[in-house]
2 protein chains.
Amino acid sequence: MPSPRRPHAVTITDVAREAGVAASTVSRALTNPDRVNVVTREHVQQVAARLGYRASPAARALGTGRTATLALVLPDITNPYFSGLIRGAERQAEATGHILVIGDSEENARAEARMVERLAPGVDGFLLGSSRLPDARILQFDAAMPVVLVNRRVPTVTSVSPDQQGGTRQIVEHLVALGHRRAIFLAGPPESWLGRQRWAGISSAAKKHGLKVRRLGPYHPSVEGGLLAGEAALADGATAVIAHNDLMAIGALKRMKARGVSVPADVSIVGFDDIFGADFCDPPLTTLSDRTEQAGRSAVDLLVALVREQSRLDHDAPADIVAPTQLVVRGSTGPAPTAPPPDPKEGDPS
Amino acid sequence: MPSPRRPHAVTITDVAREAGVAASTVSRALTNPDRVNVVTREHVQQVAARLGYRASPAARALGTGRTATLALVLPDITNPYFSGLIRGAERQAEATGHILVIGDSEENARAEARMVERLAPGVDGFLLGSSRLPDARILQFDAAMPVVLVNRRVPTVTSVSPDQQGGTRQIVEHLVALGHRRAIFLAGPPESWLGRQRWAGISSAAKKHGLKVRRLGPYHPSVEGGLLAGEAALADGATAVIAHNDLMAIGALKRMKARGVSVPADVSIVGFDDIFGADFCDPPLTTLSDRTEQAGRSAVDLLVALVREQSRLDHDAPADIVAPTQLVVRGSTGPAPTAPPPDPKEGDPS
DNA sequence: TTGAAAGCGGTACCAA
DNA sequence: TTGGTACCGCTTTCAA
């Protein structure tokens, strides 16, 4: 009667027996090829290949303390903005011989912390994308294990983030050049560092250019949140709306359309992220673009370096990559109307 | 001089010492609580909690042969169609105490097979989404380990797939009701089982309703592929276009617009999947919708059951869930024009 | 350059 | 109900 245990297919011992050498020699031949005689090495490698030997990651991890696994935790896996990040991270993880596990925190700091703690024993390090955690918690995690932040900066923690200062300046200058004098910023979650950067950058650039900007929110950073936010923006009467992200911008756009407000004739709308769909919504969205796939790759490289450093003892100064951003001007922004936008029509806001 | 090895934080032995019991008792108290005296159990659990004990997944996996990890392999992580699947799978994996690792095969059967082989030693089973592998290879994998297919059916292999027969019938009836007599099907990759089902369903329903359908392709199942496909469709002169998926449908839509062909006045377009963006492109897309998040959840449940069965010895008959689909009618379909569509304008097809 | 043996942190069996 | 112990598969000393 067979045991319920699923045995690891071909073990190092099988290879050793078949090759007529000790298990330790097989181990060396496969992972430290230069510490083994050429003839032995090739013989062992051949036997291993013939038997279809695959090392057991669990056994290796138990021995070395390394799992060759990286975790990527995000607030919302389904936000298309993160697709590029996921793909970039996955590709680079594969390229560096790592496995990528993924976690969704559902925009929730508690859930994010739980996720990190749950995953921690099984991974070598964390990629925290758009983390909703407070700085203190991040510093705590960073002290305990390798962490790379994406879309967030915390002093002393390695990170990759898009240049929001330059980006928001581009947005403000674009709107000012079109003659806008008053704008609305539709805020996302207060826990969003990127959101806070965006508001700070916009406020400061706006002051410099004499643009008045009011902030509304917070709203959920989704199309649904944008629907609500769009309603509020209409009530305010500004001629330009800057949304926390494209999801919200698209929601606002929908609401404007439902209300009979013309974009960009009556109101201009700007988003952030240049997500899938931003170029084919109606009108196409003017938005601040960044290279998320590249960010994912860089972040993995940094994380892998951190994991390596951890085992040596020379720690480099933490890296902070600030990636360039670019304003993509499309149809949702236009010259400011000379008269204030019309009152929204009565009717079901769907 | 400290060793380069990162030691597992708090081990079962630490807890045992602190609690004044044997390691095996700690193990039981934590994983088989009913096989331990209430007092001992609670004492141990308390000590474990106080010390912040977390079991080492590697050690557990080595002992039990179970990793509590599931793999999800997809042809294209960035296709928004898969977002729901990823989220559903991730949530249900978490709910059942599993970790989800993710792999992208980039629409490539070889890469998919490599990915499965690479991941296999570290996971308990596979979720293969829209697999591009030949049946034989899938059967081979299925014989070696627990596998659940999503968006694919292969005899004897457990699967979850959307009802394409009913779905394609809905599409054809919709077009026929609008007066269309000739349609084009823009095919995706020949490796796509879903694509083959779609073509089969459409052909058969079309025959029944006297609709003539020609198939063009294959095309890459992306917006870029749709751009090309749209061009070819224009040359054909049919009044309705059914695209392999929404990505292609959106590409075709873009091309029509660039060519000055009006949708749906001149040509109607139908897609599959109802992805993010299908409701706000211009015009919004008529498309066949399925519940991907639910599919992800069901698939994980089935996989977890398979993993459990594997260690018992009673294998149930493989389950085949066929999930309902629903045609969402939006602005991209309309009455067939009485005259054939105008010749496309000359000009740069961008 | 190679082999033998001692862990790594759990689980599970066998006795007590 | 508990403790002792033999693994699980691989890496890594330490000797030979």
Side-chain angles (χ1 to χ4, degrees), chain A residues 1-45 47-48 51-68 120-122 124 311, chain B residues 1-45 48 51-69 120-122 124 311:
Chain A
M1 171 166 164
S3 131
R5 219 184 140 279
R6 181 182 64 149
H8 188 73
V10 180
T11 76
I12 210 171
T13 319
D14 299 327
V15 178
R17 189 182 334 102
E18 184 74 11
V21 298
S24 48
T25 301
V26 176
S27 174
R28 272 180 235 119
L30 264 24
T31 58
N32 275 48
D34 21 300
R35 300 180 49 76
V36 132
N37 181 295
V38 205
V39 192
T40 329
R41 182 204 312 163
E42 290 185 346
H43 174 57
V44 169
Q45 290 175 342
V47 172
L51 264 44
Y53 168 78
R54 319 282 310 180
S56 152
R60 181 169 288 168
L62 188 54
T64 60
R66 303 253 91 85
T67 58
D124 289 345
S311 54
Chain B
M1 172 165 163
S3 129
R5 216 185 142 280
R6 182 183 64 148
H8 188 74
V10 180
T11 76
I12 210 169
T13 320
D14 299 326
V15 178
R17 190 181 334 100
E18 184 74 12
V21 297
S24 49
T25 302
V26 176
S27 175
R28 269 179 242 123
L30 265 23
T31 60
N32 274 46
D34 21 300
R35 300 180 48 77
V36 141
N37 180 295
V38 205
V39 193
T40 329
R41 181 205 314 163
E42 290 186 346
H43 174 56
V44 169
Q45 289 175 342
L51 265 45
Y53 168 78
R54 318 282 310 180
S56 153
R60 182 169 288 167
L62 187 54
T64 60
R66 302 252 93 83
T67 59
T69 301
D124 289 345
S311 56

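Just so it is clear: chains get the letters A, B, ... in the order the sequence lines come, proteins before strands, and each one is counted from 1.
- When the nucleotides D:dT1, C:dC8, D:dC10 are ranked by their closest atom to the side chain of A:Ile12, D:dC10 comes out on top.
- Note: CZ (A:Arg17) to C1' (D:dG9) measures 13 Å, nearest angstrom.
- With B:Thr67 contributing its side chain and B:Ala61 its backbone, the two residues share no donor-acceptor pair below 3.5 Å.
- Residue A:Ser27 places its side chain closer to D:dT12 than to any other of D:dT12, D:dT2, D:dT5.
- As a whole-Å value, the separation of A:Leu62 CG from C:dG7 C1' is 9 Å.
- Here D:dT12 presents its C1' atom at 9 Å from CZ of A:Arg35, a figure rounded to the nearest Å.
- Rounded to whole angstrom, the span from the CG atom of A:Asn32 across to the C1' atom of D:dT12 amounts to 10 Å.
- Side chains of A:Val26 and A:Tyr53 form no contact here, defined as non-hydrogen atoms less than 4.5 Å apart.
- The side chain of A:Ala22 lies closest to C:dG3, out of C:dG9, D:dT2, C:dG3.
- Nearer the 5' end of DNA chain D, as judged by each residue's closest nucleotide, is the contact made by A:Val10, out of A:Arg28 and A:Val10.
- Note on A:Thr13: every side-chain N or O is 4.0 Å or more away from OP1 and OP2 of D:dG9.
- For B:Thr31, the listed nucleotide lying nearest its side chain is C:dT11; candidates were D:dT2, C:dT11, D:dC8.
- Taking the side chain of A:Tyr53 as heavy atoms from C-beta on, and the options D:dC10, D:dT11, C:dA4, the nearest nucleotide is D:dC10.
- For the pair B:Pro121 and A:Ala55, the tightest heavy-atom approach, listed with the atom from each and the gap, is CB-O, 3.9 Å.
- The side chain of A:Ala59 lies closest to D:dG9, out of C:dA4, D:dG9, C:dT1.
- Across every non-hydrogen atom of B:Thr69 and B:Gly122, the tightest pair is CB-O, 3.8 Å.
- Applying the 4.0 Å criterion to OP1 and OP2 of C:dT1, one finds that A:Thr25 has every side-chain N and O outside that range.
- Phosphate proximity of C:dG10 to B:Ser56: absent, as no side-chain N or O sits under 4.0 Å from OP1 or OP2.
- Comparing C:dG10, D:dT2, C:dA4 by their closest approach to the side chain of B:Val36 singles out D:dT2.
- With rounding to whole Å, A:Asp34 atom CG is found 13 Å from C:dT1 atom C1'.
- Between B:Thr64 and D:dC8, a side-chain N or O to OP1/OP2 separation shorter than 4.0 Å is absent.
- The side chain of B:Val21 sits closest to D:dG3 out of D:dG3, D:dC10, C:dG10.
- In this structure, CG of B:Asp14 is placed 10 Å from C1' of C:dG9, rounded to the nearest angstrom.
- Comparing atom distances between the B:Arg60 side chain and each of C:dT11, D:dT2, C:dG9 picks out C:dT11 as nearest.
- A distance-only check finds a donor-acceptor pair linking the side chain of B:Arg41 to the backbone of B:Pro33 [under 3.5 Å].
- One interatomic measurement links the two molecules: CG of B:Leu30 to P of C:dT11, which rounds to 8 Å at whole-angstrom precision.
- We find that CD of B:Glu42 is positioned 15 Å from C1' of D:dT1, with the value rounded to whole Å.
- Minimum heavy-atom separation, A:Val10 to A:Leu51: CG2-O, 3.4 Å.
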